[in-house]
Amino acid sequence: MRLRPVAVLLSAALAVTGTACGAKSSRQDDRGAAATAGPLDPGTKVTITVGCQPPKTAKSDRAAWDADVKAFQAKYPNITIVSKDAFPCIVPETFQAKLAGGQMEDVYYVYYTDAQKIIQNRQAADITPYVGALKRLKDVNPQFVKALQDGKGRVYGVPRKGYTTGLVYNRKLFTRAGLDPDSPPKTWAEVREAAKKIAALGPGYVGYGEYSAGNTGGWHFTAELYGRGGDVVTPDGRKAAFNSPAGRAVLQTLKDMRWTDDSMGSKQLLRWEDLMRMMGSGKLGMMVGAPDVAVETFLNFGAEIEDIGATTLPEARASLLGGDAYMINPKATPDQIKAAMLWLDFRNLTPGQGQFDYRRFKSDGRPVGVPENLLWGANASGSQERALRRQYATVPVDNFAPYENGSPAVAPKVEPPNAQAVYAILDGAMSAVLTRKDANIDQLLADAEKKVNALLARSN
């Protein structure tokens, strides 16, 4: 799910070579934007390739996508959508190489973590003149839009999904361990106690799972650091700030659970798919994540979705924003950008249709009722989405009430600059405390601080 260090370095190395054509194309689009950003002429034939079509193995999601393409093309017969499927939608080992080589789709899928690097490398089109076609973009949480803007406020992507980080837990295991699933942990001390009780259920049970490889460890360190009130970098983005009491508390808690409590299992160096499989197997008690984990593990990893619950991050003073979006290939023509805006508005930004077509999801047997996408703010679009989600719910919505009810009180916080490269460095500290009983937390943080400071110095 997260880019490896080599991929980040490859991106920087190719920024002045393989992306040169993309940069030129983006500037050319800017010059002609005022004259070309009007509505797409219905008589103009346009074809666009679109990434992240669900794989054939995800039958209901694939069918929903294909039905949306058919409905969209019936509404706009001059536009042809050529879908490109992949699972996962981003392969860390090839993502930056595809970008640098100009092999991305016209409309390609990204994580928010990658957006700023893509913008800096001029690997996405400036779509600022075209976003007027997105009728409900004004209702999207501005933090998600900000993640896709440059320092001048120009827009380079369209949000698809947004969430804040919380704690996902197995309600069934809570009950078996003598814990109250309707009263999930509110502090890290409570997480620790709950994890011990779940691990005590028997061989193979893991009380709490954590990432520490493929940049996912640094990602979760950041989430937990934010929750404790810490920062990864200073406000000006020029120095590391995680070598702090909050940073030490994150690593000390994990080290204590791993080695003192033995509640995290012996298998470590876990990546995104690993915790999904563990949660899907019904043997993992808790993990940091958002409610979409429940849907993902149900659809692709065998979980019983009624067993999954979610709450806000323990002791949360802030929460890491996450999610994904679509960006436009800088080689796209103005007409292709206009067609892309129509598709993204149709598919991703309209409550009641596309990714928010809860009535269809219910009829297809897909779980409905999980607050997996908090894209909207407290406005008309948000109210409409929440009402439809509850109207067609097929899962116990109260299982996720602690998360949905508590999230508005937790301040959302964007990722640090050069997030993927920073996460790659912080992976080292996370993996060390989970694989070495004698790991020195102060030394790990000091070493990581030096590396991040050097990275930031090169970047500023």
Side-chain angles (χ1 to χ4, degrees), residues 3 7-8 11-34 36-37 90 95-96 99-100 102 104-134 137-138 140-162 232-238 320-334 336-338 340-341 344 348-349 375 412-423 455-460:
L3 302 182
V8 176
S11 170
L14 293 175
V16 296
T17 55
T19 60
C21 292
K24 180 179 179 182
S25 175
S26 181
R27 289 196 295 270
Q28 288 173 339
D29 282 354
D30 287 344
R31 288 200 298 267
T36 59
I90 290 178
F95 178 68
Q96 285 292 338
L99 272 175
M104 279 297 186
E105 301 87 0
D106 299 318
V107 186
Y108 65 92
Y109 172 90
V110 299
Y111 300 132
Y112 290 129
T113 50
D114 302 314
Q116 289 304 309
K117 178 64 69 175
I118 291 170
I119 292 170
Q120 292 168 19
N121 288 351
R122 296 184 178 273
Q123 294 167 318
D126 178 354
I127 61 172
T128 309
Y130 303 91
V131 295
L134 304 173
L137 186 64
K138 61 179 174 42
V140 172
N141 185 322
Q143 291 286 1
F144 297 122
V145 179
K146 182 180 179 181
L148 303 165
Q149 293 176 314
D150 65 11
K152 298 179 180 179
R154 299 191 68 80
V155 183
Y156 289 82
V158 179
R160 184 194 78 98
K161 190 171 188 177
V232 176
V233 299
T234 54
D236 62 7
R238 295 182 178 276
L320 177 64
L321 286 177
D324 51 54
Y326 276 94
M327 301 180 97
I328 312 299
N329 195 309
K331 296 180 179 179
T333 67
Q336 286 178 313
I337 296 176
K338 294 174 189 178
M341 295 301 102
L344 294 173
N348 294 334
L349 293 180
L375 192 64
K413 196 166 183 175
V414 298
E415 292 181 296
N418 299 287
Q420 291 294 346
V422 171
Y423 292 167
L455 168 71
L456 296 174
R458 294 193 300 269
S459 302
N460 290 314

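- Every residue meeting the salt bridge (Lys or Arg N to Asp or Glu O under 4.0 Å) condition with Lys161, not counting sequence neighbours, appears here in chain and number order: Asp292, Glu372.
- Shown here are the side-chain contact (heavy atoms from CB on, under 4.5 Å) partners of Lys138, two or more places apart in sequence or in another chain: there are none.
- Counting heavy atoms from C-beta outward, Phe95 and Val110 have side chains that approach closer than 4.5 Å.
- Taking each heavy atom of Gln116 and Gln149 in turn, the nearest pair found is NE2-O, 2.9 Å.
- With Met327 as reference, Ile119 is the one residue of Leu99, Ile127, Ile119 to meet the side chain to side chain contact (heavy atoms under 4.5 Å, CB included) rule.
- Between the side chain of Asn418 and the backbone N or O of Val422 there is no donor-acceptor pair closer than 3.5 Å.
- Of all heavy-atom pairs between Tyr112 and Ala147, the closest is CD2-CB, 3.8 Å.
- You'll find the side chain of Ile118 stays beyond 4.5 Å of the side chain of Tyr156, heavy atoms only.
- Looking at residues two or more places apart in sequence or on another chain, you find no ring pair (Phe, Tyr, Trp, His ring centres under 6.0 Å) involving Tyr108.
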(message) The test is side-chain contact (heavy atoms from CB on, under 4.5 Å); show your working for Asp114 and Ile90 and say whether it passes.
(response) CA-CA 11 Å; Asp114 302 314; Ile90 290 178; 4.1 Å; yes

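- Asn348 is linked by a side-chain contact (heavy atoms from CB on, under 4.5 Å) to Arg160, Tyr326, Leu344, Gln355, counting only residues two or more places apart in sequence or in another chain.
- Residues satisfying the side-chain contact (heavy atoms from CB on, under 4.5 Å) test with Val233, not counting sequence neighbours, are Pro416, Pro417, Leu456.
- The two residues Arg238 and Thr234 have their closest heavy-atom pair at N-OG1, 3.6 Å.
- Between Lys117 and Gln123, the shortest heavy-atom contact is O-OE1, 4.4 Å.
- For Val414 against Gln143, the heavy-atom pair with the smallest separation is CG1-OE1, 3.3 Å.
- Between Ile328 and Val107, some side-chain heavy-atom pair lies under the 4.5 Å cut-off.
- Here the closest non-hydrogen pair linking Leu375 and Pro159 is CD1-CB, 3.7 Å.
- Legend: residues meeting side-chain hydrogen bond (donor to acceptor under 3.5 Å, both in side chains) with Asn141, ordered by chain and number and at least two apart, are absent.
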